[in-house]
2 protein chains.
Amino acid sequence: MEYIEAKNKFIQAWGTLGTSWGINKTMAQIHALLLLSTESITTEDIMQELQISRGNANMNIRALIDWGIIEKEHKLGERKEFFKADKDIWELARQVSKERRRREIEPILRVLDQVQDVSGTNEEEIKEFKQVTGDLMGFSLKIDGMLDKFTKSDSNWFYKMLLKL
Amino acid sequence: MEYIEAKNKFIQAWGTLGTSWGINKTMAQIHALLLLSTESITTEDIMQELQISRGNANMNIRALIDWGIIEKEHKLGERKEFFKADKDIWELARQVSKERRRREIEPILRVLDQVQDVSGTNEEEIKEFKQVTGDLMGFSLKIDGMLDKFTKSDSNWFYKMLLKL
DNA sequence: TTAAATTTTCAGTAATTTTTGAAACATTAA
DNA sequence: TTAATGTTTCAAAAATTACTGAAAATTTAA
């Protein structure tokens with residue numbers, strides 16, 4: 001398969017995958033493009049490669065920076081900003097885990113916690129409510145702990161863990 | 001906190017969480033409602049509780065059944081269909097992992113595989129392309145293997161794994 | 001300073017996804 | 001059968017989300 005075809009295929013697939021995990025398509029595509037770039041590139045390059053507007057490019061680049069998975073670079077004698085992605089996949093996974101944990105697991109844990117002191121007249125439904133939300137919280141806490149360990153470890157730790165299984 | 005308030009809060013939070021993980025809000029809310037129900041309920045009940053249309057209820061109930069996380073029940077002497085959720089959170093996690101693996105990880109693995117035999121004139125970009133997509137595939141395969149093991153094990157295995165860490 | 005280059009913002013538009021509601025379809029009871 | 005009850009489908013509407021493009025803001029060079 002020719003490079004250009006493979007590249008487009010990968011960018012497209014990465015966009016689609018992102019979409020089904022709640023990440024907007026353009027954001028994932030910009031990330032894919034940067035993963036493949038041998039050197040850091042400008043907003044103009046991204047606009048041109050993905051055929052998107054300046055506003056769209058700018059917003060999604062910023063979102064990627066907020067997620068901590070790409071970064072700005074300044075080149076000597078250049079006024080433009082350049083961007084590059086971290087090519088270390090383990091680092092990427094760690095960063096994504098960290099952010100999703102913070103943005104999504106923590107809020108649901110907070111709600112599950114708040115909701116634990118429920119009261120009411122129907123014994124059975126109260127019991128069921130506490131049981132289900134309690135189980136959910138227990139499970140979430142376990143996942144949360146695992147992710148915490150994961151985000152603080154190196155790829156080696158994860159690799160060993162997989163072996164132990 | 002009063003039961004009705006806690007219930008609504010939980011349903012709302014579950015819907016929001018679903019949304020940020022690419023699952024539609026109503027689908028997640030129906031699931032939350034069923035998790036809290038002490039007995040199986042009808043489409044009418046769901047429509048009434050969540051204030052949604054029949055079509056919407058029907059479509060999302062079907063989606064939940066497709067995901068394998070709720071099921072139909074027929075009651076003796078009743079023509080209506082009743083629905084109930086599996087209350088076992090481990091089972092839920094296992095089922096969701098299984099489905100997402102099939103729907104999302106497998107497709108991306110297929111693309112990464114296809115794209116491996118890339119060719120072109122620019123040595124550096126080909127090398128980088130192979131490196132990045134190869135790493136990504138390696139990582140995805142590891143996650144895939146872990147999920148496979150997870151979906152085929154019982155909660156006890158997972159619990160032990162967490163202890164070993 | 002002023003001007004040129006670059007980045008950011010955001011109102012309006014477009015695209016996508018979700019929801020409705022009514023009609024078609026299916027099943028069971030009489 | 002026919003009628004009543006219940007389920008599914010799907011075109012249209014609504015809601016949400018993403019994108020554009022131009023103007024405003026910011027930064028740097030002269």
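In what follows, chains are A, B, ... by sequence order, proteins preceding strands, each numbered from 1.
The CE-P distance, from B:M27 to D:dT16, rounds to 19 Å in whole Å. The nearest whole Å value for the distance from the CG atom in B:N60 to the C1' atom in D:dT9 is 14 Å. Separating the NZ atom of B:K80 from the P atom of D:dT7 is a distance of 7 Å, rounded to the nearest angstrom. A straight line from CD of B:Q29 to P of C:dT19 spans 8 Å, rounded to a whole angstrom. Between the CZ atom of B:F83 and the C1' atom of D:dT8 there is a distance of 11 Å, rounded to whole Å. Computed from coordinates, the A:I30 CD1 to D:dC19 P distance equals 9 Å when rounded to whole Å. Here C:dA5 presents its P atom at 13 Å from CD of A:E78, a figure rounded to the nearest Å.
Across the interface with DNA chain C, nearest-nucleotide mapping of A:F82 and A:M59 shows A:F82 to be the residue nearer the 5′ end.
Pairing each heavy atom of A:A13 with each of B:V111, the nearest pair is CB-CG1, 3.7 Å.
For residues 84-113 of chain A, the set of pairs meeting the ring pair (Phe, Tyr, Trp, His ring centres under 6.0 Å) definition, not counting sequence neighbours, comprises A:W90-A:F158, A:W90-B:F139.
In this structure, B:F150 and B:W157 have tilted ring planes: the angle between them lies in the 30° to 60° band.
Sorted by residue number, the members of residues 32-57 of chain A with any non-hydrogen atom under 4.0 Å from DNA chain C read A:R54, A:G55. DNA chain C lies under 4.0 Å from at least one heavy atom of each of the following residues of residues 9-26 of chain B: B:N24, B:T26.
B:T43 meets the side chain to side chain donor-acceptor pair (under 3.5 Å) test with no other residue; sequence neighbours excluded. When the side chain to side chain donor-acceptor pair (under 3.5 Å) test is applied to B:E125, no partner is found at least two apart in sequence or on another chain.
Contact check, B:N58 against D:dT7: no side-chain N or O comes under 4.0 Å of OP1 or OP2.
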(request) Quick one: do B:K7 and B:E49 satisfy salt bridge (charged side-chain N to carboxylate O under 4.0 Å, His left out)? Show the steps, please. (result) CA-CA 11 Å; B:K7 179 178 177 178; B:E49 286 260 14; 3.1 Å; yes
(request) List the steps and the verdict of salt bridge (charged side-chain N to carboxylate O under 4.0 Å, His left out) for B:D66 and B:R62. (result) CA-CA 6 Å; B:D66 285 346; B:R62 190 139 40 77; 5.3 Å; no
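Taking the ring axis of A:W67 as reference, the NZ or CZ atom of A:R100 does not stay both within 45° of it and closer than 6.0 Å to the ring centre.
Using a 4.0 Å cut-off between charged side-chain N and carboxylate O, A:R102 and A:E106 make no salt bridge. Residues A:E39 and A:K84 are not paired through a salt bridge, judged by the lack of any N-O separation under 4.0 Å between the basic side chain and the carboxylate.
In this structure a side-chain-to-backbone donor-acceptor pair under 3.5 Å is missing from B:K25 to B:G18.
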(message) Across nucleotides 24-29 of chain D, 5' to 3', mark each nucleotide with B, S or - according to how protein heavy atoms within less than 4.0 Å reach it.
(response) ---BBS
